[in-house]
Each structure stands twice: as C-alpha cells, then as structure tokens.
Amino acid sequence: MFSITPSARLKPSPFYQSTLKEGVQEFTTYNNMLMPTGYGDPEAEYWRLIRGVSQWDVAVERQVQLEGPDAGRLAQILAPRDLSKCKTGQGKYVAICNHDGILINDPILLKVNEQCYWLSIADSNIWFWAKAIASERKLRVEVSEPDVSPMAIQGPKSDDVVASVCGDWVRELKYFWFRETSIEGIPVAVARSGWSKQRGFEIYLMDGSQGDRLWNIFREAGKPWDIGPGNPNLMERIESGLLSWGGDTDEETNPFEVRMGKYVDLDVSDEVIGIEALRTIKTEGPRRHQLGLVMDEVKPLDLGFVWNDILVDGAKVGHLTNNVWSRRLEKNIGFALVSRDCQAGDEAVVVQEEKQIKCQLVEMPFI
Ligand code: THG
C-alpha cells in the first residue's frame with residue numbers, strides 16, 4: 001500500500017495517538033484532516049454500533065466560531081432557517097446555501113451563548129465564507145476556528161456509558177441540545193447528536209492537549225458495555241438515510257432536492273443568503289429529488305462511488321450517489337438523486353460499465 005506524506009496542511013486530531021493504539025487501518029480526508037474510517041473488522045464495528053456502543057474520532061467536524069455582538073445576526077444571514085427561537089445550549093441542523101440557493105454545507109449550528117455560535121461543519125471551508133460575508137456586511141463579529149474537537153459515543157448503550165462518566169443528567173438531553181461541563185478537569189460540551197440513528201452523544205473537547213486522556217476516560221468507562229472503536233459508518237448511515245454533503249450532493253444541489261426542505265424557512269429576512277433563490281426554487285419545484293434505491297442483485301456488490309447513471313426505460317433520470325451492502329436488509333442499497341418525474345415504486349437500472357443492474361426506487365430511510 002501507500003502512506004501519507006506528513007505536512008503542516010494536514011492538521012492532527014487530538015485523538016490521533018489513541019486511534020493508532022486502537023489499531024486504526026484506514027483514513028479519509030475531511031476539512032484538511034484525517035478521519036479514521038476503519039479498524040480492520042468492519043463486521044464487528046457495524047454490530048457494535050447497532051447493538052452496543054462505539055467510540056469515534058470525529059475531530060474533523062471542525063467548528064467555525066462566530067463571536068461578538070452581531071454573531072446571531074451573522075448566523076441567521078448564513079442559515080436559511082429561523083433561528084429567532086434558538087436558545088443557548090440548543091443545536092439545529094441547517095442548510096448553508098450560496099446566493100443561488102445551492103447547498104454549500106450542512107452543519108449543526110450550536111448556540112453557545114447570546115454572542116457566540118459554532119457551526120459544526122461538513123467538508124467545505126465555511127471559515128472563508130463566514131469571514132467574507134461578515135466583512136461585506138460590516139458586522140461586529142469575529143470568525144475563528146477554536147480549539148474544539150468532537151469525539152462521538154454512538155449506539156444503544158451510549159446513554160449508559162456517557163451517564164457513567166458525566167452523570168444521569170445526560171439521559172435527559174434533548175436531540176441536538178448540549179451542555180458545557182468538565183470531565184476530570186477537561187473542558188467539554190456534551191451534546192445529544194452524532195452521525196448515526198442509533199442514539200448517541202458527541203463530546204466536544206475544548207482543549208486539544210487532552211485528547212488522549214479524554215479518549216481513555218471513555219474507553220475505560222465503557223468497558224462494562226464492551227465499548228470499542230468505530231467511525232461514521234457508511235452502512236448504517238445509508239440504511240438510516242443520513243446525508244453526506246459532497247458525497248450525495250454536487251455543485252447544483254439545493255436543499256429541497258436532498259430532503260432538507262424541512263430545515264428551510266422561506267419567511268426569514270431577505271438578508272439571508274440564498275433565500276430569494278430558495279423561494280423561487282420552491283415555487284417552481286426542484287428539478288430533482290432524493291429516493292432510496294434497492295438493487296435486485298442479492299450478493300454484495302461494490303460499485304465504488306462514481307455517481308453511476310440511473311436509467312428508466314433506457315433514458316437517464318439521475319445518479320446513484322452512494323451504495324452499500326446492507327447487513328440488516330441483506331440487499332444492495334444506495335441513494336438516488338433523480339428527476340422529479342421518478343417516484344418510489346419505479347423500476348430502473350443502475351449502469352456499471354457495460355452492466356445494467358436492475359433496481360427499484362423506494363422511500364427513505366431504508367430502516
Ligand atoms: N456532528 C457534528 N458535526 C457534523 C456532523 C455531525 N458536521 C458535519 C456533518 N455531521 C453535518 N451533517 C449532518 C447531517 C445529518 C445530521 C447531522 C449532521 C443528522 N440528521 C438527522 C436526520 O437527518 O435524520 C436529524 C436531523 C434533525 O432531525 O434535525 O443527525 O454528525 N458535530
């Protein structure tokens with residue numbers, strides 16, 4: 001195989017040494033960092049997430065911090081979702097769009113206090129974007145990347161593990177809400193969130209020098225529940241219908257096409273970036289929409305991630321943006337970004353080089 005050349009451009013995760021000790025085997029890049037994507041036993045890692053509890057280095061989910069008297073105003077200008085009722089300690093999933101209404105990131109927005117917000121970003125540089133907009137609109141706000149790195153604890157047993165470390169109050173945390181606290185003197189924010197539908201928490205480490213200590217605290221505390229390493233799991237997230245910005249989207253994708261319409265409020269102020277375009281798109285109806293796709297082929301296929309064409313009656317209707325063998329469904333499944341004319345129930349084919357694989361379009365989530 002190959003190795004990765006060290007560079008100051010690749011920022012290290014505070015949990016990097018811990019993941020090496022856990023036996024990490026694979027990485028992907030995200031926000032100019034390496035994110036673990038496998039520890040050598042995909043089967044065990046999957047079932048640990050579905051049935052047990054799994055510990056993830058997701059420090060790549062960087063925070064873009066907006067701080068100052070106009071922080072709330074900038075957050076609202078960047079996000080076409082009504083934030084007027086967002087409370088300190090609350091998080092919201094938002095669709096950051098450009099002026100054409102095209103989705104350029106899908107972060108979780110966290111309101112840290114009246115004058116401080118974090119955008120916990122997907123894999124595109126929102127720091128540049130937020131800084132440019134703040135300057136252009138002459139806002140009193142500082143845009144920075146703070147020393148904050150999330151670690152996720154995911155799976156049905158995550159409540160027990162996190163409660164054993166932090167206390168039973170974590171069991172009452174509402175979805176996307178968070179609270180700042182400290183764990184053996186390490187400053188953290190504990191949030192009910194994470195990129196899986198198996199329940200879980202994200203522990204936002206606020207002192208990068210303490211990554212290995214924090215990792216070990218949860219590793220030790222989780223032993224009674226057989227905690228082990230994992231990562232944002234491709235199979236689980238496809239089964240659950242979770243969106244991957246940049247994977248399932250292209251440079252023309254708007255939020256309505258990828259099931260994010262419910263996070264867009266069209267009556268927010270006209271100063272919100274992209275809102276006029278979004279109103280037009282909504283009125284005219286988006287060109288495409290996202291459906292699930294189930295292939296007839298009953299043994300695991302690996303089609304890669306090449307946005308294979310999808311055909312109906314020989315005509316191209318869109319693309320397969322991801323695919324995976326589902327262990328729970330024992331089927332090959334994926335997301336289809338297809339013409340509005342297609343519907344759940346339609347028969348189609350996926351094109352893989354010379355082969356055509358029969359499939360059916362379905363509603364999501366799969367499970
Ligand atoms: N956690 C944190 N930061 C992140 C992610 C995360 N940044 C990058 C990326 N993930 C952002 N994207 C998503 C996409 C989906 C969800 C969360 C972050 C998600 N969606 C649920 C759904 O679609 O069913 C729930 C949304 C809702 O009901 O509001 O959880 O994972 N820190």
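Computed from heavy atoms alone, side chains included, the values below leave out hydrogens, waters and symmetry copies. Both ligands and their constituent atoms are indexed starting at 1 by order of listing. Remember, predicted model here, so these are calculated numbers, not experimental data.
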- Taking only residues two or more places apart in sequence or in another chain, which ones pass salt bridge (charged side-chain N to carboxylate O under 4.0 Å, His left out) with Glu239? Arg328

- Output every pair passing salt bridge (charged side-chain N to carboxylate O under 4.0 Å, His left out) with a member in residues 13-31, not counting sequence neighbours, ordered by first then second residue. Glu22-Arg219

Just to confirm my output: which protein heavy-atom neighbour is closest to [atom], and how far is it?
| atom | value |
| --- | --- |
| atom 14 (C) of ligand 1 | Tyr93 OH, 3.2 Å |
| atom 1 (N) of ligand 1 | Glu202 OE2, 2.8 Å |
| atom 9 (C) of ligand 1 | Tyr30 OH, 4.0 Å |

Determine whether the side chain, the backbone, both or neither of [X] has a heavy atom under 4.0 Å from any heavy atom of ligand 1.
| X | value |
| --- | --- |
| Tyr263 | side chain |
| Trp195 | both |
| Asp123 | neither |
| Lys197 | side chain |
| Ile108 | side chain |

- Asn332-Glu297 side chain donor-acceptor pair, cut-off 3.5 Å: no

- Item | Whether Phe176 lies under 4.0 Å from ligand 1, heavy atom |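 Judged by the 4.0 Å heavy-atom criterion, Phe176 does count as contacting ligand 1.
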
